[in-house]
Amino acid sequence: MAQIGQILVDVPTMQTNDPYSYAIPAELEHQVQVGMRVIVPFGRGHRLVSGVVVGLNDVTNFDGKLKPIETVLDLVPVLNTELRQLADWLANTTYAFRITCIQTMLPNLLKTQPKRQVQPTTTLTPEEMATYFPEGAPRDFDATKLDDATVAGLLKLQRAGKVEVVYEVKDKAAAKTTTGITPALTPAKLQEIAGEVAKRAPKQAELLAYLAQMPADKVVAQATVAKKAGVTPAVIGTAADKGWLTKSTLEVYRDPFHQPVTPTQPLKLNPEQQVAVDRITQAIDGQKTENFLVEGVTGSGKTEVYLQSIAQALQQGRTALMLVPEIALTPQMVNRVKARFGQRVAVLHSGLSKGEQYDEWRRIDRGEATVVVGARSAVFAPVENLGIIIMDEEHESSYKQDENPRYHARDVALWRGQYHHCPVVLGSATPSLETRARAAKGLYTRLVLSKRAKAQPMPTVHIVDMREQLKQQGDSDFSEPLMTAIQERLDRHEQIVLMLNRRGYSSFVMCRDCGFVLKCPNCDISLTLHMDTHSMKCHYCGHEEAIPHVCPNCHSKKIRYYGTGTQKVQQALEKLLPTARILRMDVDSTRRKGAHERILRQFGEHKADILLGTQMIAKGLDFPNVTLVGVLNADTALGLPDFRASERTFQLLTQVSGRAGRATKPGEVYIQTFNPDHYAIQLAQSQDYERFFVTEMHMRHQGSYPPYYFAVQLTASHEEEAVAAKAMYQIVDALKQGLSKDAIVLGPTPKAIARVKRKYYYQVVIKYKREPQLRPVLEQIRQAAQVPARHGLSVTIDSEPMNFM
DNA sequence: GGTGCTAGCAAT
DNA sequence: TTGCTAGCACCG
């Protein structure tokens, strides 16, 4: 039996990025296994922290005295070999701490919560009690939440030995339980007693009869027994007292799916779909790590290809993982998978409560669910024996996490595909340039679905030149052609989707006399007007203040609103079309849990004529009665200083256009723009992805951008601008010394939004093709950033960033 | 991330 | 000389 455990402690620092050795006490010898969470003492005090066992052995090269493991938190390992290896790989490629990677992979409830408290060791004076323990002892001791005087006072008492600090590590993992029932006697005996009590206690007799036919080794929930036997829990209680049955604690799963779904059968495939399914299933059968790009126009039946490929994997006795963007994880999508695979499906996404997430995770971990559908973090689902991994809407930027570890789910999916020798299928109507370029190089097998499955025509796309509109009819959010088209649909009782592109655009307050714009006191951006709360809000830090009536700068009363928010558009639209029923969907109207689904359901039931929303309406919606899509401002994102601006605009316009005319009725799209000649808009009109790809690749080549170059972004932030800037200049020096002449180092520059949450941001972008020294140089920068991190300077490294701004 | 050690400094 | 604070290495 192993004497020593290698533990990764839950302290995210450079020095603790390698495991520490701990002694395994005799009583835990048979409990501790690799992959389990433990609690260990750490540091010079008696602080307790949680950790994860990453190795067991009998020797260690640490020659000090080992501390013993305090507690084992798990009965079964929470991380298998694959996920432990994956965590190491992730830490290396994203420059994140190993423990942070592990935490990211586990469901929320498995993250432990350390708690620090203080309690008196001797009798304190009444004054001391009153100042430091007004609510009694022990009390919480969280230095970040207490004022300095209290902290200093308590530390003083501690030095005097009058109080002590105690630690606790709370494990939040809790399975939901219910009372379970098992018969305590043989069926014959139960029947005998039933006969005896039949006259006096008919209910008890009924229960006994039910118990008699229950399988002896099975535990049934009390609620089920009560319902099936037609008795109240009280009767069961009496029966338990008489020794006829035993009660036990039964673990149950919280079921996030309340409505039953009608099962579906595989649909007939068109020739293109058939080829795709054949190629993918070949790879599944051959246990081959072959990666596919399924490039299919909206409505081409990608989902059916996914479902039939999954079916093949299941038939081979293997499992399937399907990733979708969070926003597309609507009941519509989930139901399609559930309808095909029923109880075998587990769903993971942020809409579930933490308890539900944990339960779904355990169903997967125990092999009870063999199909997993989920958003980004579901790529870490503990599925074993994977037969296929699917990533829908592969180009979505939400697959990249924008906090540590800054991983891209696509890379993780490819890693797991290699580990399991199974195909990875990337699907999109508008693949990311990176993916499409890799397919061109032969790294992915490209499968094209060019035809709409139900043979509907593609929608007709019109471009409305808003410069002309401005000259003719003045400043309005609605052009004349769009209004005519809307009116037509209203007359025909058809539905309309209107999209307001919010990226880089919002309504702000400006003074017409002096040009003063109301800005956030913490961040470097203007405040956004919110009519629902009648306030000005900062979208970066959440700062909120009253709407000014007088200009704070020149005291003029001519302070007005500019820009276009969804609320303002809704009001304008209501004025123009008083009879139309309008539903609004944006960050504000969907903040409450379930609001998103409710709005979509209402629209699906035709309880509204117009769905007005931001980007979130562009994805995955399928409403047959929608025959018109209007994009109010196509080009607001084009002006952003980001090399992906064109790609994003093209993708968004193509996607939202796909919402029109999905059934028998033909669809029309109106795109309002001030840049009608821009290639992203022109090619979105002709729905020509290939030409867009070629054009954009040319632009990327010209600018030495991905996918021609790799990119790493480094950011330094500090409350004082000079500190952040200085740190970044030092980093640039280190980069220039360590990297080859071929590496392009851009910056340092202040970020486009230089100040967020009271901190200033400076960044550098490295572009390179081959840079063997990159990793060691970045590791060195990371190491050097440890010390100043104590003084509020944070340095982040983002490999292949999604936002260049 | 938290801690006790150490150096440096001011109050006594 | 003592008391306190800031900076810092270290935690198994």
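Keep in mind that this is a model prediction, so the values were computed, not measured. Chain naming here is simple, since letters A, B, ... match the order of the sequence lines and numbering starts at 1 in each.
- Here A:Pro12 lies out of heavy-atom contact (under 4.0 Å) with every strand.
- Distances were taken from every side-chain heavy atom of A:Ser21 (C-beta onward) to each of C:dA9, C:dC8, C:dG12; the shortest belongs to C:dG12.
- Under 4.0 angstrom from either OP1 or OP2 of B:dT3 there lies at least one side-chain N or O belonging to A:Arg116.
- Rounded to a whole Å, the CD1 atom of A:Ile69 is 11 Å from the C1' atom of C:dG12.
- Following rounding to the nearest Å, A:Arg47 (CZ) and C:dG12 (C1') show an atom-to-atom distance of 13 Å.
- In this structure, A:Asp10 places its CG atom 19 Å from P of C:dC11, rounding to the nearest Å.
- A salt bridge is absent between A:Glu720 and A:Lys726; no separation between the charged side-chain nitrogens and carboxylate oxygens falls under 4.0 Å.
- Between A:Phe42 atom CZ and B:dG1 atom C1' there is a gap of 8 Å when expressed in whole angstrom units.
- Ring centers of A:Tyr709 and A:Phe643: at least 6.0 Å apart, outside the cut-off.
- A donor-acceptor pair under 3.5 Å is formed between the side chain of A:Asn80 and the backbone N or O of A:Leu83.
- A salt bridge does not link A:Asp733 with A:Lys736: none of the charged nitrogens is closer than 4.0 Å to a carboxylate oxygen.
- A donor and an acceptor atom never sit less than 3.5 Å apart when one is taken from the side chain of A:Arg790 and the other from the base of C:dG7.
- Nucleic acid contact for A:Gly43: base, since at least one base atom lies under 4.0 Å from a heavy atom of the residue.
- Spacing between atom CD of A:Gln783 and atom C1' of C:dC10 amounts to 13 Å, rounded to whole angstrom units.
- Here A:Phe62 lies in heavy-atom contact (under 4.0 Å) with a base.
- Whole-Å rounding puts the A:Arg44 CZ to B:dC5 C1' distance at 7 Å.
- Considering A:Thr60, A:Val9, A:Ile4 as possible partners of A:Tyr22, the one that fulfils the side chain to side chain contact (heavy atoms under 4.5 Å, CB included) test is A:Val9.
- Computed from coordinates, the A:Gln15 CD to B:dT3 P distance equals 16 Å when rounded to whole Å.
- Counting to the nearest Å, the P atom of B:dG1 and the CG atom of A:Asn404 are 12 Å from each other.
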